[in-house]
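When reading the values below, keep in mind they use all heavy atoms of this one structure, side chains included, and skip hydrogens, waters and symmetry mates. Per chain, numbering begins at 1; letters A, B, ... match sequence-line order.
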2 protein chains.
Amino acid sequence: MGHRDGFEKPGSRAENREEIERAILNAAEEVFAQKGFGGATMQAIADACHLPKANLHYYFSSKETLYRRVVERIFTIWLEAADSFETSATPDVALRRYITRKMQLSREHRYGSKVWANEVMHGAPIIHDYLETSLRRWTETRIAVIRRWSAEGAIHDVDPRWLLYMIWSTTQHYADFAHQIETLNQGPLSDAQWVSATETVCQIILRGIGLNGDGLDGVAPL
Amino acid sequence: MGHRDGFEKPGSRAENREEIERAILNAAEEVFAQKGFGGATMQAIADACHLPKANLHYYFSSKETLYRRVVERIFTIWLEAADSFETSATPDVALRRYITRKMQLSREHRYGSKVWANEVMHGAPIIHDYLETSLRRWTETRIAVIRRWSAEGAIHDVDPRWLLYMIWSTTQHYADFAHQIETLNQGPLSDAQWVSATETVCQIILRGIGLNGDGLDGVAPL
DNA sequence: GTCTATACCCAGATAGAC
DNA sequence: GTCTATCTGGGTATAGAC
């Protein structure tokens with residue numbers, strides 16, 4: 001007992017390590033989102049998670065490694081969310097779910113969305129391979145589904161790519177351009193405004209491709 | 001005559017200065033777009049316009065001054081483009097023109113759009129006042145117009161804000177996320193693809209708010 | 001007006017005590 | 001594992017020759 005280094009409960013050290021890493025990643029996500037990779041400093045990230053700067057280098061070998069981990073974590077969340085675009089559902093259900101989920105992500109993961117946008121805008125130097133593998137695969141399966149819907153006459157004849165880009169951009173805009181939106185709104189969006197915005201995006205897109213968009217034809221309320 | 005410093009044609013020096021400044025601004029726009037403010041270096045900008053680094057400081061007192069000038073220039077182009085949203089026209093014409101113009105800007109001013117997006121994503125530290133003055137004024141006049149259209153029954157009842165954000169995001173996406181789009185497309189978009197994307201965006205949005213969107217009801221082909 | 005050489009500072013990374 | 005002190009590279013900005 002006393003000040004000599006004692007025993008730890010098995011696993012507690014590893015758990016603690018994970019916890020600290022998560023804290024650093026969260027802080028890093030916010031700082032990278034607000035300042036960009038070049039503008040962010042290890043000092044600022046360290047301050048944000050109340051750790052000495054040197055500790056960050058103990059857990060992550062370099063600034064770039066840390067950044068890469070942040071981006072990878074976001075990409076994973078993104079891909080999982082993408083599953084809400086169920087390829088088995090009807091167009092109404094699939095699109096409504098997907099748009100709603102993406103709006104929710106924009107609200108709950110604003111910083112993640114910004115880091116992702118930043119990364120892509122700068123030419124995706126870190127995650128370029130993900131774009132060419134995971135994202136491309138995901139996109140191609142959805143394109144095929146949308147094509148089928150068109151062929152069956154369930155929706156108008158649209159190029160699936162432009163439709164997907166439209167969904168991505170409109171939903172992510174609420175995270176990436178949150179500052180502009182909140183400035184024009186003179187404050188953060190209320191719960192009601194989020195619902196209203198989500199509903200509007202759903203309706204315009206669904207009606208735009210020939211569905212009635214009222215959300216009353218087979219979609220269970222979420 | 002000879003090597004002693006001679007006369008200049010009136011205005012030629014000033015013209016030259018403007019030319020050099022424009023060259024620096026163009027180079028800076030590209031570098032800032034690709035690297036962000038923090039990631040960009042004066043050296044990289046100097047290289048891009050084939051000038052020694054010190055000359056940049058002769059024409060622009062600091063990196064931040066240069067950046068500010070770049071952002072202001074973009075904002076001006078943006079606002080001018082905004083005039084294509086003519087408040088006097090019918091919804092079909094006004095929206096179609098505005099969307100088309102914004103798509104064109106995304107294609108022709110990719111870097112400018114990226115710098116703007118970057119600036120807003122990082123909380124608009126430089127142009128925050130523009131958001132609260134010029135942009136807010138512009139937005140409010142358009143909101144009023146869209147409200148009127150709704151009231152007259154010309155378009156469905158939508159919150160004008162969400163509609164505007166939708167137009168901004170979908171069109172700017174083609175500039176800001178160009179890298180992602182081109183990766184999925186395995187190359188830059190062709191002329192035909194730009195036309196097709198523009199047409200799709202117009203149709204989905206116009207139909208989405210209750211217009212027929214076929215572009216054949218009063219809009220002269222541009 | 002133009003450019004080379006340099007001052008100065010700050011940020012990423014590490015050494016080494018605890 | 002944690003933290004202080006320090007090294008080092010690179011970036012902004014400027015001094016001063018031409």
Side-chain angles (χ1 to χ4, degrees), chain A residues 2-25 27-32 34-71 122 125-126, chain B residues 2-25 27-28 30-32 34-70 122 125-126:
Chain A
H3 67 285
R4 287 171 135 285
D5 110 33
F7 293 91
E8 246 86 29
K9 292 190 289 289
S12 92
R13 212 162 252 279
E15 272 171 39
N16 196 38
R17 182 177 185 109
E18 259 178 49
E19 227 170 84
I20 293 175
E21 283 190 1
R22 209 169 26 244
I24 296 174
L25 284 169
E29 184 174 294
E30 179 167 348
V31 175
F32 282 134
Q34 283 168 344
K35 307 282 183 180
F37 179 80
T41 67
M42 294 298 270
Q43 187 61 60
I45 297 170
D47 292 348
C49 56
H50 311 287
L51 252 60
K53 187 174 60 140
N55 291 29
L56 271 57
H57 281 99
Y58 175 74
Y59 288 100
F60 299 90
S61 60
S62 71
K63 185 184 178 184
E64 195 178 315
T65 308
L66 175 54
Y67 176 74
R68 184 185 289 268
R69 285 281 301 277
V70 169
V71 175
H122 296 359
I126 301 291
Chain B
H3 66 286
R4 286 168 135 288
D5 113 31
F7 293 92
E8 246 84 29
K9 291 189 290 288
S12 92
R13 211 162 254 277
E15 272 173 38
N16 196 38
R17 181 178 185 108
E18 259 179 50
E19 225 170 87
I20 293 174
E21 282 189 2
R22 206 166 31 242
I24 295 174
L25 285 168
E30 180 167 346
V31 174
F32 282 134
Q34 284 168 342
K35 306 284 182 179
F37 179 79
T41 67
M42 294 298 268
Q43 186 61 62
I45 297 170
D47 292 348
C49 56
H50 310 288
L51 250 60
K53 191 174 55 144
N55 291 29
L56 270 57
H57 281 98
Y58 175 74
Y59 288 100
F60 299 91
S61 60
S62 71
K63 185 184 177 183
E64 197 177 316
T65 308
L66 175 54
Y67 176 74
R68 184 184 289 269
R69 285 281 303 275
V70 169
H122 296 9
I126 302 290

Original post:
Base, sugar-phosphate, or nothing for B:A40, non-hydrogen atoms under 4.0 angstrom?
Top reply: sugar-phosphate

Original post:
Roughly how many Å is it from CE in A:M42 to C1' in D:dT4, rounded to a whole number?
Top reply: 17 Å

Original post:
Which nucleotide, C:dA13, D:dA13, C:dT4, lies nearest any side-chain atom of B:P52?
Top reply: C:dT4

Original post:
Which heavy atom of A:E64 sits nearest a heavy atom of A:I126, and at what distance?
Top reply: OE2-CD1, 3.8 Å

**OP:** Calculate the interatomic distance between B:N55 atom CG and C:dT4 atom P; express it in whole Å.
**Re:** 9 Å

Original post:
When the distance from OH of A:Y59 to C1' of C:dT14 is rounded to whole Å, what number comes out?
Top reply: 17 Å

Original post:
What nucleotide, of C:dT2, C:dG12, D:dG11, holds the atom closest to the side chain of A:T41?
Top reply: C:dG12

Subject >> Verdict with reasoning, A:I20 to A:N55, per side chain to side chain contact (heavy atoms under 4.5 Å, CB included) >> reply: CA-CA 10 Å; A:I20 293 175; A:N55 291 29; over 6 Å; no

Subject >> A:K63 side-chain N/O to A:A40 backbone N/O, donor-acceptor pair under 3.5 Å >> reply: yes

Original post:
What's the closest nucleotide to the B:K63 side chain, out of D:dT12, D:dC3, C:dG12?
Top reply: D:dT12

**OP:** Would you name the heavy atoms of B:P52 and B:A46 that are closest together and state the gap between them?
**Re:** C-CB, 4.1 Å

Original post:
D:dT12 C1' sits how many Å from B:Y67 OH, rounded?
Top reply: 17 Å

**OP:** Measure from NE2 on A:H57 to P on C:dA11 and round the result to the nearest Å.
**Re:** 13 Å

Original post:
Going by modelled atom types, is there a donor-acceptor pair between the base of C:dG12 and the side chain of A:K53 at under 3.5 Å?
Top reply: yes

Subject >> Whole-Å gap separating P (D:dT2) and CG (A:N16) >> reply: 7 Å

**OP:** Using whole Å, report how far OH of A:Y58 lies from P of C:dG16.
**Re:** 18 Å

**OP:** Would you mind reading off the distance between A:E64 atom CD and C:dA13 atom P, rounded to a whole angstrom?
**Re:** 9 Å

Original post:
Nearest to the side chain of A:R17, which nucleotide is it out of C:dG1, C:dA11, D:dG1?
Top reply: D:dG1

Original post:
Which of parallel (below 30°), tilted (30 to 60°) and perpendicular (above 60°) describes B:Y67 and B:F32?
Top reply: perpendicular

